[in-house]
Undergrad: 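Here you go, one structure.
Order of listing sets the numbers, starting from 1, for every ligand and every atom in it.
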Amino acid sequence: MVENWQQVLKESITSPQQLAEIFPIDCRSLEAVVERYPMRISPYYLRLIEQVGDPIWQQCVPDSRELDESGLIDPLGEENLSPVPAVIHRYPDRVIFLVSGSCATYCRFCTRKRKVGCQGLSLSFRELREGIDYIAATPQVRDVIFSGGDPLLLPDSVLGDLLVRVAVIPHVEMIRIGSRVPVTLPERITDKLCSLLKRFSPIYLNTQFNHPRELTIEAAEACGKLADAGIVLGNQTVLLKGINDKPAIIAELFRGLLRLRVRPYYLHQMDLVRGGEHFRTSIEAGLQIMKNLRGPVSGLANPYYVIDLPGGKGKVPLVPNDIIREGNRLLIRTTTGEQVEYLDIGE
Ligand SMILES: *Cc1c(COP(=O)(O)O)cnc(C)c1O
Ligand code: SF4
């Protein structure tokens, strides 16, 4: 049976020409981009576009700057951390399990641009089986992060089967799902999906809202259903130049997420991915945004600002430096900029 969301997904637009039928753009220059990095914009996400070049547009419409050759093909060195093709194992107690090769809308800044939506990430059943075997044979793995691509593009039956196989492994204590469908294909969050996921509690689902314009009634409904099913929701925003790199935009986004019962978890410094350089901001811009959150905005809306270092060196939180040493004196800068002397305890 074809479910409604699957039907909707089929109506996505996948070529610049289809876009040119709706918006006044010259689509020829984009053909070469799409040959290299596929395009898909779901009907729902397309409806969020108000005009050419707006924050929704920039996230999903191909741009000729993607053909720039600077940046790294595999910015996080993931290929070297894969004991089997479907698993990335960088930290001792948790792994990323790549279960799906496609997404409802392809983000132009995706870190796995090299393979998401391409042949490179269409996993065979054999590769998924090898992934499960690896997790089962690696007792230090407590936390399995379903990723891809978007795990929620799998049909319920396939997703349910993978969840069962992972959940029965005795040393697996929790499952996480990384999915952008609450943002790009809210129709996917069906009652049937929620009752399926509920069976595997604890499940943590991290999604990726990047702009307040994505906080729609449909997205709120999708998140509400997941939260009602006991799924703990988090959000990983990517800091994107010209899209959300302003303190007021991020503050509005993070406050809005709390209203949707989604906790801001990470603000990601954009990775050095090839074809995504035009989205990259300075670290200073990110630190400034974090400074503007701390204090004025609820602590619950203050995520970690992290950089994922090239070459698989891992995530590092970046924190504005508020500790000033002047000789023997230790001063701490408050969120309003005042310097307060603090009498530290000796070693
Ligand atoms: C980000 C990441 C994780 C998860 O890290 P958390 O900080 O626990 O969210 C796990 N494995 C890899 C390879 C990652 O890049
Ligand atoms: S949803 Fe995630 S995996 Fe898919 S294109 Fe966007 S960033 Fe990449």
Undergrad: T105 versus S12: any side-chain heavy-atom pair under 4.5 Å?
TA: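 No, their side chains stay 4.5 Å or more apart.
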Undergrad: Is it true that H89 and Y134 have ring centroids separated by less than 6.0 Å?
TA: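 Between Y134 and H89, which both carry aromatic rings, the centre distance is below 6.0 Å.
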Undergrad: Can you report which non-hydrogen protein atom sits closest to atom 3 (S) of ligand 2, along with the distance?
TA: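 Answer, as residue, atom name and distance: C103 SG, 3.7 Å.
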Undergrad: Do P264 and N302 come close enough that some side-chain heavy atom pair is under 4.5 Å?
TA: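 No, their side chains stay 4.5 Å or more apart.
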Undergrad: Could you tell me if any non-hydrogen atom of E78 lies under 4.0 Å from any atom of ligand 1?
TA: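 Contact check E78 vs ligand 1: negative.
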Undergrad: Are more than 12 heavy atoms, taken from residues, nucleotides or ligands other than I324, located less than 6.0 Å from that residue's CD1 atom?
TA: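 Atom CD1 in I324 is crowded, with more than 12 foreign heavy atoms closer than 6.0 Å.
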Undergrad: Does ligand 2 have a heavy atom under 4.0 Å from the side chain of Q208, from its backbone, from both, or from neither?
TA: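 For Q208, only side-chain atoms sit under 4.0 Å from ligand 2.
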Undergrad: N/O of Y91 under 3.5 Å from N/O of ligand 1, yes or no?
TA: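 Among all N and O atoms of Y91, none is under 3.5 Å from an N or O of ligand 1.
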Undergrad: Quick test: of every protein heavy atom, which one is nearest to atom 1 (S) of ligand 2, and how far off is it to 0.1 Å?
TA: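 Ranked first by proximity to atom 1 (S) of ligand 2 is R180 CB, 3.6 Å.
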Undergrad: Looking only at protein heavy atoms, which one is nearest to atom 8 (Fe) of ligand 2, and how far off is it?
TA: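 Looking only at protein heavy atoms, the one closest to atom 8 (Fe) of ligand 2 is C110 SG, 2.3 Å.
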Undergrad: Provide the number and element of each atom of ligand 1 under 4.0 Å from a heavy atom of Y265.
TA: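 Checking each atom against Y265, I get 6 (P), 7 (O), 8 (O), 9 (O).
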Undergrad: Distance alone, cut at 3.5 Å: any donor-acceptor contact between the side chains of S179 and D150?
TA: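 Yes, because at least one side-chain N or O of S179 sits under 3.5 Å from a partner of the opposite role on D150.
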Undergrad: For atom 6 (Fe) of ligand 2, decide whether C107 has an N, O or S atom at a distance under 2.8 Å.
TA: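 Checking atom 6 (Fe) of ligand 2 against C107, an N, O or S atom does fall under 2.8 Å.
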Undergrad: Which of the atoms of ligand 1 are close to R176, meaning less than 4.0 Å from one of its heavy atoms?
TA: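 Contacts of ligand 1 toward R176, numbered from 1: 4 (C), 6 (P), 8 (O), 9 (O).
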Undergrad: Within a distance under 4.0 Å of any heavy atom of Y266, pick out the atoms of ligand 1 and give their elements.
TA: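 Those of ligand 1 that fall under 4.0 Å from Y266 are 6 (P), 7 (O), 9 (O).
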Undergrad: On a heavy-atom basis, which atom in Y204 and which in P202 lie closest, and how many Å separate them?
TA: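 Looks like CE1-CB, 4.0 Å.
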Undergrad: Any heavy-atom pair between the side chains of H171 and P139 that's under 4.5 Å?
TA: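 Heavy-atom side-chain distance check passes, below 4.5 Å.
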Undergrad: Output yes when a side-chain donor or acceptor of Q339 lies under 3.5 Å from a complementary backbone atom of L331, and no otherwise.
TA: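 Checked: no pair found.
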Undergrad: Identify the closest protein heavy atom to atom 8 (O) of ligand 1: which residue and atom is it, and at what distance?
TA: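 Nearest protein contact, heavy atoms only, for atom 8 (O) of ligand 1 is R94 NE, 2.6 Å.
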Undergrad: Looking only at protein heavy atoms, identify the closest one to atom 12 (C) of ligand 1 and say how far it is in Å.
TA: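 For this ligand atom, the closest protein heavy atom is I96 CD1, 3.4 Å.
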Undergrad: Would you indicate whether I217, at its atom CD1, is surrounded by more than 12 heavy atoms from other residues, nucleotides or ligands within a distance under 6.0 Å?
TA: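 Atom CD1 in I217 is not crowded, with 12 or fewer foreign heavy atoms closer than 6.0 Å.
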Undergrad: Can you report which non-hydrogen protein atom sits closest to atom 2 (C) of ligand 1, along with the distance?
TA: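 Ranked first by proximity to atom 2 (C) of ligand 1 is K315 NZ, 2.4 Å.
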Undergrad: Just say parallel, tilted or perpendicular for the rings of Y266 and Y304, cut-offs at 30° and 60°.
TA: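 Answer is tilted, since the angle falls between 30° and 60°.
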Undergrad: At a 4.0 Å threshold, what atoms of ligand 1 neighbour a non-hydrogen atom of I145?
TA: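 That gives atoms 3 (C), 4 (C), 10 (C) of ligand 1.
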Undergrad: By number and element, which atoms of ligand 1 are closer than 4.0 Å to a non-hydrogen atom of I88?
TA: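 By the 4.0 Å cutoff, the relevant atoms are 13 (C).
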